[in-house]
Amino acid sequence: MPNKPVIFVTRNLPDAVTQRLTASYETRLNPGDAVLSPDQVLKGAEGADALLVTPTDKLTADLIAKLPKSVRMIATFSVGYEHIDVNAAKARGLPVSNTPDVLTDATADIALLLMLGAARRAYEGERAVREASWKSWSTTYMLGTHMTGKRLGIFGMGRIGQAVAKRARAFDMQIHYFNRRRLPAHQEMGAVYHPSADEMLPYCDFLSINAPGGPETLHWLNAARIARLPDKAIVVNTARGGLVDDTALIAALRSGKLFAAGLDVFEGEPNLNPEYRSLPNAFLLPHLGSATIETRNAMGFKALDNLDAFFEGRELPDRVV
Ligand code: 8YV
């Protein structure tokens with residue numbers, strides 16, 4: 001029997017995924033699940049045929065240049081791939097795959113949870129119940145803001161942005177969007193396209209960030225763009241923390257320019273800007289966008305489908321480069 005390819009897996013995977021992985025491949029695992037340093041990644045990669053990585057591994061051009069010759073492919077357990085210098089991978093002839101589609105619904109669900117949680121003051125309400133500071137019902141106690149019928153602007157109308165729009169339509173929201181390319185009518189479904197994001201911002205009672213991270217979108221939501229939003233707007237981010245200038249967002253949440261924010265991702269996570277923690281109008285989650293059993297299994301199986309295709313000499317189903 002020919003030798004099985006060796007896969008270096010940088011983080012723990014769901015059980016069902018590990019079972020399929022170990023049935024098909026020789027594996028090098030990280031049972032402690034610690035985030036690995038670049039040196040540890042390079043060490044683990046020695047003699048491996050492929051890497052199965054996650055966004056906690058920063059595969060810079062420097063690291064990719066130092067990877068051992070044995071490594072012939074990189075599969076990431078994520079749809080986002082800004083943690084991999086794909087140009088460096090391409091230059092080395094290393095194919096990279098990701099896991100699109102299977103996390104679209106879970107991530108869009110979390111965006112709606114953030115919108116409702118931020119608009120209806122879910123964090124403050126939960127805290128009042130748990131801390132027994134809720135004294136009595138009153139007509140003016142902890143008033144939130146309505147989501148139904150409001151305008152939702154979506155920055156980045158890809159798969160996840162469109163799934164957010166679909167859900168928001170059930171709340172009778174009017175959808176506005178900015179995307180690098182305008183969508184065809186059957187995907188637009190009545191959403192209002194804006195040729196520039198800045199033109200869209202004044203129409204956003206709610207703004208959902210659904211664009212990829214990386215240098216092109218770094219700190220996209222800055223003070224100038226927040227100023228273009230209607231007063232008392234709500235911002236939610238399920239994409240990448242780097243799209244938000246935290247100092248500007250925190251200032252707008254403190255001043256009351258924004259009513260609230262719902263954030264599932266943070267620049268430098270898990271070491272987020274500590275000022276978020278003391279803001280009652282910030283509804284915060286620890287990057288749970290794709291965190292359902294079904295979705296994480298599907299993401300793992302997709303990563304394995306790509307590895308299988310590579311080692312069987314087939315075209316990768318989800319090739320990034
Ligand atoms: C994942 C994500 O949970 O896939 C992505 O790009 O942001 C998440 O939903 C995360 O990347 C862990 O793999």
Side-chain angles (χ1 to χ4, degrees), residues 7-18 20-21 29-30 33-36 41 50-60 74-86 89 96-114 154-164 167 208-218 220-221 236-244 262-272 284-307 316-321:
I7 314 294
F8 172 44
V9 187
T10 59
R11 301 295 305 275
N12 265 355
L13 298 172
D15 287 347
V17 180
T18 305
R20 187 178 135 187
L21 174 82
L29 305 175
N30 172 10
D33 201 32
V35 174
L36 302 181
V41 172
L51 311 183
L52 205 175
V53 303
T54 78
T56 59
D57 307 300
K58 306 299 171 211
L59 302 193
T60 60
I74 301 171
T76 183
F77 185 101
S78 60
V79 64
Y81 50 85
E82 77 294 335
H83 53 290
I84 303 173
D85 190 322
V86 289
V96 176
S97 68
N98 69 342
T99 64
D101 302 316
V102 289
L103 44 63
T104 299
D105 287 328
T107 308
D109 289 351
I110 285 278
L112 269 285
L113 173 64
L114 293 178
I154 299 179
F155 178 64
M157 196 65 148
R159 287 173 290 252
I160 297 172
Q162 290 174 51
V164 171
R167 285 154 177 73
S208 177
I209 300 177
N210 296 105
E216 283 176 37
T217 53
L218 186 68
W220 170 75
L221 189 66
V236 302
N237 188 6
T238 51
R240 285 290 181 265
L243 279 103
V244 170
L263 306 173
D264 185 46
V265 288
F266 303 88
E267 188 162 34
E269 63 186 43
N271 302 314
L272 57 146
L284 311 173
L285 293 177
H287 201 149
L288 297 182
S290 64
T292 67
I293 297 161
E294 297 88 339
T295 300
R296 289 288 166 82
N297 282 342
M299 289 168 74
F301 294 146
K302 220 169 212 286
L304 294 184
D305 291 345
N306 280 278
L307 288 166
L316 305 190
D318 306 292
R319 188 181 187 123
V320 173
V321 290

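Ligands are counted one by one from 1 in listed order, and the atoms in each one are counted from 1 as well.
Taking the ring pair (Phe, Tyr, Trp, His ring centres under 6.0 Å) definition, one finds that F301 meets it with nothing, sequence neighbours left out. Residues passing the ring pair (Phe, Tyr, Trp, His ring centres under 6.0 Å) test with F155, sequence neighbours excluded: F178, W220.
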What are the distances between nitrogen or oxygen atoms of ligand 1 and protein nitrogen or oxygen atoms, counting only those under 3.5 Å?
from, atom 1, to, atom 2, distance (Å)
ligand 1, 3 (O), S290, OG, 2.6
ligand 1, 3 (O), R296, NH2, 2.8
ligand 1, 4 (O), V79, N, 2.8
ligand 1, 6 (O), V79, N, 3.4
ligand 1, 6 (O), G80, N, 2.8
ligand 1, 6 (O), R240, NH2, 2.7
ligand 1, 7 (O), R240, NH1, 2.6
ligand 1, 7 (O), R240, NH2, 3.3
ligand 1, 7 (O), H287, NE2, 2.9
ligand 1, 9 (O), S290, OG, 2.8
ligand 1, 13 (O), F77, O, 2.6

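Interatomic distance, OG1 of T107 versus CZ of R159, reported as 10.5 Å (0.5 Å rounding).
No side-chain donor-acceptor contact under 3.5 Å links N98 and D318. Side-chain atoms of T10 and N30 include no donor-acceptor pair closer than 3.5 Å.
Sorted by first and then second residue, the salt bridge (charged side-chain N to carboxylate O under 4.0 Å, His left out) pairs involving residues 103-114 (not counting sequence neighbours) are D105-R167, D109-R167.
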